[in-house]
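Here's the structure we're looking at; comments come further down.
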Amino acid sequence: MLALQFDWNPITGIDLFGILELHFYSVMWIVAFLLGWQIMKYIFVKEHIKLEYLDPLFLYTVLATMLGARLGHVFFYQSELISEDFFSIFLPFKFKGGVEFTGFQGLASHGAAIGIIIGMYLYRRKYKYKSLMWILDRVVISVASGAVFIRIGNFINSEIIGKVTDSPLGVRFVQDYYSKRQIVGETGIENYKDAYAAVTSNPQFQYLLDAVPVRHAAQLYESFCYIFVFLILWFIYQKTNKGQQSGFLFGLFLVLLWTVRFFVEFVKESQGDEYITMFGLNTGQILSIPFIIIGLYFMFMYKPKPQSK
């Protein structure tokens, strides 16, 4: 069983013309959005909706997701950025201590969910071909599929790691344990990528590898569960009458996704300062509970009003 434990120390991107690095995490976001677009295109065609409404929906979804996720992270986990490094909230750079390109790091799924709901409300105000609930019931199918790839991206980036464990499925996240500056100092290798690679490939640095604790691969746990969230939503939409019940898919999505998140949090390290805690639950769990309750309401109690034109 111990053979199932492994060391995670990958390259996280590829250099483009020696100027910028294309991060695989960013690629996962692109895959998530493009797959979501394809799913929504299928739904639009199936339900005879004009495709001219699809691209604006895609744009609203992308902007709402990214802005909501970023602001959610800042408000829920890293509010000190507001006073210490304000422009890094909206730009893919860190300015405190010198300018550094970081990409868009620090994105919270609870914020993304709130952002998407607000974004769909604003979209519906402009494009009134269907009700807001019709849009939400179908958009969440795409969102569930995208969540699978976002968590894979987190795994590639060695972020949102799990707690230390003696589980036979544990992973050693080398690049989380050692910062770039630290690994260069420890190995004496000037290029941080070569320094990281040496930790797992050069027996001379075995002691550095041995110091890295084994942790739960919490990102993969979530990603695997989200596959089933997507498949359940897709099956109900395609094969059952419940897929046409206004609010049901939206509610089911909230219940399934945030229940997964609630339980995975038990094996996940804190993502920052825990501003909201009670009853032994962390911020991620506390924030998930209202979404689950709202989901149950839409599944079993919500009665749509007559659609306005």
As a test of understanding, state which of Phe224, Tyr25, Phe173 forms a ring pair (Phe, Tyr, Trp, His ring centres under 6.0 Å) with Phe155.
Phe173
Knowing that exactly one of Phe75, Phe262, Trp258 qualifies, which makes a ring pair (Phe, Tyr, Trp, His ring centres under 6.0 Å) with His110?
Trp258
Side-chain contact, heavy-atom cut-off 4.5 Å: [X] with [Y]?
X: Arg261; Y: Gln285; value: no
X: Met120; Y: Arg124; value: no
X: Tyr297; Y: Tyr302; value: yes
X: Val255; Y: Met299; value: yes
X: Val45; Y: Leu51; value: yes
X: Ile161; Y: Gln219; value: yes

Below 30° counts as parallel, above 60° as perpendicular, anything between as tilted: where do the rings of [X] and [Y] land?
X: Trp234; Y: Tyr42; value: tilted
X: Trp29; Y: Phe33; value: tilted
X: Phe6; Y: Trp8; value: perpendicular

Nearest heavy-atom neighbours spanning [X] and [Y]:
X: Val264; Y: Ala218; value: CG1-O, 3.8 Å
X: Cys225; Y: Val260; value: CB-CG1, 3.6 Å
X: Met133; Y: Ser246; value: CG-OG, 3.2 Å
X: Ala108; Y: Gly72; value: CB-C, 3.7 Å

With clusters defined by side-chain heavy atoms of hydrophobic residues (ILVMFWY) lying less than 4.5 Å apart, directly or transitively, does [Y] cluster with [X]?
X: Ile160; Y: Val164; result: no
X: Tyr123; Y: Val143; result: yes
X: Ile30; Y: Leu54; result: no
X: Phe149; Y: Ile14; result: yes
X: Ile156; Y: Leu34; result: no

Scan side-chain atoms only and decide if Gln38 and Lys41 contain a donor-acceptor pair under the 3.5 Å cut-off.
no
Checking Thr12 against Asn157: is there a side-chain donor and acceptor pair closer than 3.5 Å?
no
Hits for side chain to side chain contact (heavy atoms under 4.5 Å, CB included) against Ala144, two or more places apart or cross-chain, chain-then-number order -> Val229, Phe230, Leu233, Phe253
Restricting to side chain to side chain contact (heavy atoms under 4.5 Å, CB included), what partner residues turn up for Leu67, sequence neighbours left out?
Leu71, Phe90
Please evaluate residues Ile39 and Ser145 with respect to the criterion side-chain contact (heavy atoms from CB on, under 4.5 Å), reporting the C-alpha separation (whole Å), side-chain torsions for both, the decisive distance (0.1 Å), and the verdict.
CA-CA 9 Å; Ile39 291 171; Ser145 70; 3.4 Å; yes
Return the set of residues passing ring-ring contact (aromatic ring centres under 6.0 Å, His included) with [X] (not counting sequence neighbours), or none when no residue passes.
X: Phe263; answer: none
X: Phe235; answer: none
X: Tyr221; answer: His216

So how far is it from [X] [atom1] to [Y] [atom2], rounded to the nearest 0.5 Å?
X: Leu122; Y: Ile117; atom1: CG; atom2: CD1; result: 12.0 Å
X: Ile286; Y: Phe279; atom1: CD1; atom2: CZ; result: 7.5 Å
X: Lys50; Y: His48; atom1: NZ; atom2: NE2; result: 14.0 Å
X: Ile292; Y: Leu287; atom1: CD1; atom2: CG; result: 11.0 Å
X: Ile43; Y: Ser142; atom1: CD1; atom2: OG; result: 5.5 Å
X: Leu257; Y: Leu252; atom1: CG; atom2: CG; result: 10.5 Å

Taking everything shown except Lys193 itself, do over 12 heavy atoms lie less than 6.0 Å from its NZ?
yes
Exceeds 12 heavy-atom contacts within 6.0 angstrom, atom CG of Asn241:
no
Between Lys130 and Tyr53, does a side-chain contact (heavy atoms from CB on, under 4.5 Å) hold up when you go through it step by step?
CA-CA 11 Å; Lys130 286 288 186 178; Tyr53 296 121; over 6 Å; no
Let me have the donor-acceptor pairs involving side chains of residues 57-64, under 3.5 Å, with sequence neighbours excluded, atom names and distances please.
from	atom 1	to	atom 2	distance (Å)
Thr61	OG1	Leu57	O	2.7

Sort and list the pairs that fulfil salt bridge (charged side-chain N to carboxylate O under 4.0 Å, His left out) and have at least one residue in residues 211-235, not counting sequence neighbours.
Arg151-Glu222, Arg215-Glu269, Glu222-Lys268
Apart from Leu208 itself, what residues make up its hydrophobic cluster when side-chain heavy atoms of I, L, V, M, F, W and Y under 4.5 Å apart count as a link, directly or indirectly?
Val174, Tyr177, Tyr178, Ile183, Val184, Ile189, Tyr192, Tyr196, Val199, Phe205, Tyr207, Leu209, Val212
Which donor-acceptor pairs under 3.5 Å do side chains of residues 134-141 form with protein atoms, sequence neighbours excluded?
from	atom 1	to	atom 2	distance (Å)
Trp134	NE1	Glu47	OE1	3.1
Asp137	OD1	Gly247	N	3.4
Asp137	OD1	Leu249	N	3.4
Asp137	OD1	Phe250	N	2.8
Asp137	OD2	Gly247	N	2.8
Arg138	NE	Glu47	OE2	2.8
Arg138	NH1	Trp134	O	3.2
Arg138	NH2	Glu47	OE2	3.4
Arg138	NH2	Gln244	OE1	3.4

Under the salt bridge (charged side-chain N to carboxylate O under 4.0 Å, His left out) test, residues paired with Lys163 that sit two or more places apart
none
Who passes salt bridge (charged side-chain N to carboxylate O under 4.0 Å, His left out) against Asp7, sequence neighbours left out?
Arg172
Between Met28 and Phe24, is the side-chain contact (heavy atoms from CB on, under 4.5 Å) condition met? List the steps.
CA-CA 6 Å; Met28 290 298 101; Phe24 297 136; 5.6 Å; no
Is there a side-chain contact (heavy atoms from CB on, under 4.5 Å) between Glu159 and Asp176? Walk through the geometry before answering.
CA-CA 7 Å; Glu159 59 189 13; Asp176 170 78; over 6 Å; no
Residues two or more places apart in sequence or in another chain: which of them pass side chain to side chain donor-acceptor pair (under 3.5 Å) with Trp37?
Asp55
